[in-house]
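Reading through the structure tokens given below for one structure.
Every value quoted in this text rests on a predicted model; they were computed, and no experiment measured them.
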Amino acid sequence: MTTYHALEIVLTRPLTAAELRRAAQDWPLAANHDTSRLMTVAGGRSPERAVHRLHQRLTGHLPIDVITTHYPDAHGRVLLNVDFPPDAHTTLQQNARRAGLTPERFVRDALHRALAEHADREADRLDHAVRQLLDSTNPAHLLSAVGHALTRPLKGRIP
């Protein structure tokens, strides 16, 4: 049975209007405001098959960087399909072989490590910032200010 999967395509550059029209003739696509990301629905017995089918159909027509499932699966994971340049793909295969892993597992493990390291750095950064604030105010005032800030609309970029 074929199920349908919502997929997002991240491009290496924005598309021209003509490129988008041509690609949309082969596959129904919805573009974001600057045509650097596209959404579509693809059929397949699994998300992997749907991504593979889409990738085969559009690779020659679009500057695809990454294709990902738009919605997480039952385990909270999304499928990430990255189109590596040939040299990077060869290096990845060699490193995976040396580690005794498949290239997919090697990338997944490296990504998990990088995300964990980022989360640790972010926690340390926030801890440091809170401690600096506590040096100049008392905990009750800081908690009140945080509550106040969280109830207001955010403005600007979040670091």
Once rounded to the nearest 0.5 Å, what's the spacing between atom [atom1] of [X] and atom [atom2] of [Y]?
X: Ile9; Y: Asn32; atom1: CD1; atom2: CG; result: 11.5 Å
X: Thr91; Y: Asn95; atom1: OG1; atom2: CG; result: 6.5 Å
X: Asp120; Y: Leu115; atom1: CG; atom2: CG; result: 11.0 Å
X: Arg97; Y: Leu92; atom1: CZ; atom2: CG; result: 10.0 Å

Between Arg152 and His148: side-chain donor-acceptor atoms closer than 3.5 Å: yes
Less than 4.0 Å between a side-chain N and a carboxylate O, is that true for Arg125 and Glu122?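 Yes.
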So that I can tick it off, tell me whether Arg105 and Asp109 are bridged by a salt bridge, with the cut-off set at under 4.0 angstrom between side-chain N and carboxylate O. yes
Within the distance-only criterion (no hydrogens, no angle test), does the side chain of [X] pair as donor or acceptor with the backbone N or O of [Y] below 3.5 angstrom?
X: Ser36; Y: Pro14; result: no
X: Ser144; Y: Ala140; result: no
X: Gln132; Y: Ala129; result: no
X: Thr90; Y: Pro86; result: yes
X: Thr68; Y: Leu79; result: yes
X: Ser136; Y: Leu133; result: yes
X: Arg53; Y: Gly43; result: yes

Hey, does [Y] have a side-chain heavy atom less than 4.5 Å from the side chain of [X]?
X: Met39; Y: His70; value: yes
X: Pro72; Y: Arg77; value: no
X: Arg13; Y: Glu19; value: yes
X: Val107; Y: Leu80; value: no
X: Ile64; Y: Val10; value: no
X: His55; Y: Asn81; value: yes
X: Val78; Y: Asp73; value: no

Other residues, nucleotides and ligands only: do more than 12 of their heavy atoms fall within 6.0 Å of NE2 on His52?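 12 or below, so no.
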With a cut-off of 6.0 Å (strictly less than), are more than 12 heavy atoms of other residues, nucleotides or ligands near CG of Asp124?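 Enclosed: over 12 neighbouring heavy atoms sit under 6.0 Å from CG of Asp124.
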Considering all heavy atoms, the nearest [X]-[Y] contact:
X: Leu7; Y: Ala42; answer: CD1-CB, 3.6 Å
X: Ala23; Y: Leu29; answer: CB-CD1, 3.7 Å
X: Thr69; Y: Pro47; answer: CG2-CB, 3.7 Å
X: His89; Y: Phe84; answer: N-CB, 4.0 Å
X: Val41; Y: Tyr4; answer: CG1-CB, 3.6 Å
X: Ala31; Y: Leu20; answer: CB-CD2, 3.9 Å

Establish whether [X] and [Y] are linked, either directly or via other cluster members, by ILVMFWY side-chain heavy-atom contacts under 4.5 Å.
X: Val66; Y: Trp27; answer: no
X: Val82; Y: Leu62; answer: no
X: Leu143; Y: Val130; answer: no

Intermediate values then yes/no, side chain to side chain donor-acceptor pair (under 3.5 Å), His5 and Thr3: CA-CA 7 Å; His5 307 275; Thr3 55; 3.1 Å; yes
Take Leu58 and Leu38 through the side chain to side chain contact (heavy atoms under 4.5 Å, CB included) test and state the conclusion after the steps. CA-CA 12 Å; Leu58 295 179; Leu38 306 171; 5.9 Å; no
